[in-house]
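One-based numbering, in listed order, for ligands and for the atoms of each. Computed from a predicted structure; not experimentally measured.
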Amino acid sequence: MIIIMEKNATEKQIKSVCTHLENLGFRINLNHGEVYTVIAALGDKRLIQPQSISSLEGVKEVKIIQEPFKLASRETKEEDTVIEFPNGLKIGGNERPVIMAGPCSVEREIDGLLEVAYAAKEMGAKVLRGGAFKPRTSPYDFQGMEEKGLQYLAEAREKTGLLVVTEVMDTLDLPLVMEYADIIQIGARNMQNFKLLKAVGKCRKPVMLKRGGAASIREFLLAAEHILANGNEQVILCERGVKGFDSTYTRNVLDIAAVPLIKKLSHLPIIVDPSHGTGKRFLIEPMSKAALVAGAHGIMMEVHHDPDRAYSDGAQSLSIPQFREVMTNLNKLIGRIDYANKHLCSI
Ligand code: PEP
Ligand code: MN
């Protein structure tokens, strides 16, 4: 249930409504919007008659949220969530879409990672990606460099000023990953690892949550809800494709419609990963363009200094020259999109 307060509701009236609801056993989430203050009351709505709240002083309207994801819902928070980083970078809302680029895994020596990081910086990417803990289908495949990989990422950040996004696979590794990451990535395979979601929900760092390979949009938003409900409001969603019936040519089916749909259902930023979404490097540029036109707040793509020798996902990684070319074209497109026009992109 959400309670929309009158424009001129006083702090005292807001507080009194919150206390009343808390006494009835609801958890409160307060959102001071540009015009209205909205109180989200989380709990069993059978405990209460909405009319008994509408009559409280300063209350404009009481609405029962139909969606199961309450805090992630646009009904609860109308304005877009914009995540702001200490270096001034913003992700979400009408901000310029953010490009995240880097190898699938951090591997071997640091030089390759640095080469990619310098190119990423030069071409206008703002975030360096790279897995130090790798979820691999086979136990015999490269599993990641762990802390050494995190140290390489930190060194690349130091040298380029790019922020770092990297995956955490387990609550046990969370304190370590927190030391190094600017954005904590929850991978597709862990989208419904509720213990991990709860743990990152208690962190005070932005989380990038990837959509599970077989997750519905509802399950995706409910996974985000677990993070929000544990107190972390800084969630970036990432569409990375879902399993389809035809994997002859592509790894997954990239759900571009998820972008405008999620923007309608939720205030959270949504980015798109065309590398995992398709499994093919030649599809990165067209799918990135489609995602940006559909309103994505960013793109995450895999780039490797020597894709043919990559320890993981070489086929869906751009080489550095290819990345430069793709970025040149994406930057042109980004310059032509009117991001102030939230739900409709006019080009
Ligand atoms: C990744 O981005 O490193 C990754 C493993 O992707 P996903 O979780 O989407 O498979
Ligand atoms: Mn990968």
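Of the listed residues (K210, M208, M169, E167), the one carrying the non-hydrogen atom nearest atom 5 (C) of ligand 1 is E167. Among R189, R240, Q185, the residue whose heavy atom lies closest to atom 9 (O) of ligand 1 is R240.
Side chains of S216 and E219: a donor-acceptor N/O pair is present below 3.5 angstrom, by distance only. Checking K77 against T81 by side-chain atom types alone, a donor-acceptor pair falls below 3.5 Å. In this model, no donor atom of one side chain and acceptor atom of the other lie less than 3.5 Å apart for K198 and N230. Side chains of E78 and H267: a donor-acceptor N/O pair is absent below 3.5 angstrom, by distance only.
Under the 30°/60° scheme for interplanar angles, the aromatic rings of F142 and Y311 are found to stand perpendicular.
Within ligand 1, counting atoms from 1 as listed, the ones closer than 4.0 Å to a heavy atom of M300 are 2 (O). Atoms of ligand 1 lying under 4.0 Å from any heavy atom of G187, numbered from 1 in the order shown and given with element: 8 (O).
Side-chain contact between R309 and E107: absent, with no pair of heavy atoms (C-beta onward) separated by less than 4.5 Å.
Ligand 1 has no atom lying under 4.0 Å from any heavy atom of R211.
For ligand 1, none of its N or O atoms has an N or O atom of E302 under 3.5 Å away.
The closest protein non-hydrogen atom to atom 8 (O) of ligand 1 is A188 N, 2.7 Å. Nearest protein neighbour of atom 3 (O) of ligand 1, counting heavy atoms only, is R129 NH2, 2.8 Å. Ranking the protein heavy atoms by distance from atom 4 (C) of ligand 1 puts H276 NE2, 3.5 Å first.
Take the N/O/S atoms of D313: the one nearest the Mn ion (ligand 2) is OD2. The name of the N, O or S atom in H276 nearest to the Mn ion (ligand 2) is NE2. The N, O or S atom of E302 with the smallest distance to the Mn ion (ligand 2) is OE2.
Under the 6.0 Å distance and 45° angle rule, K60 counts as a cation-pi partner of Y36.
The two atoms that bring P269 and H297 nearest to each other are CA-ND1, 3.3 Å, heavy atoms only.
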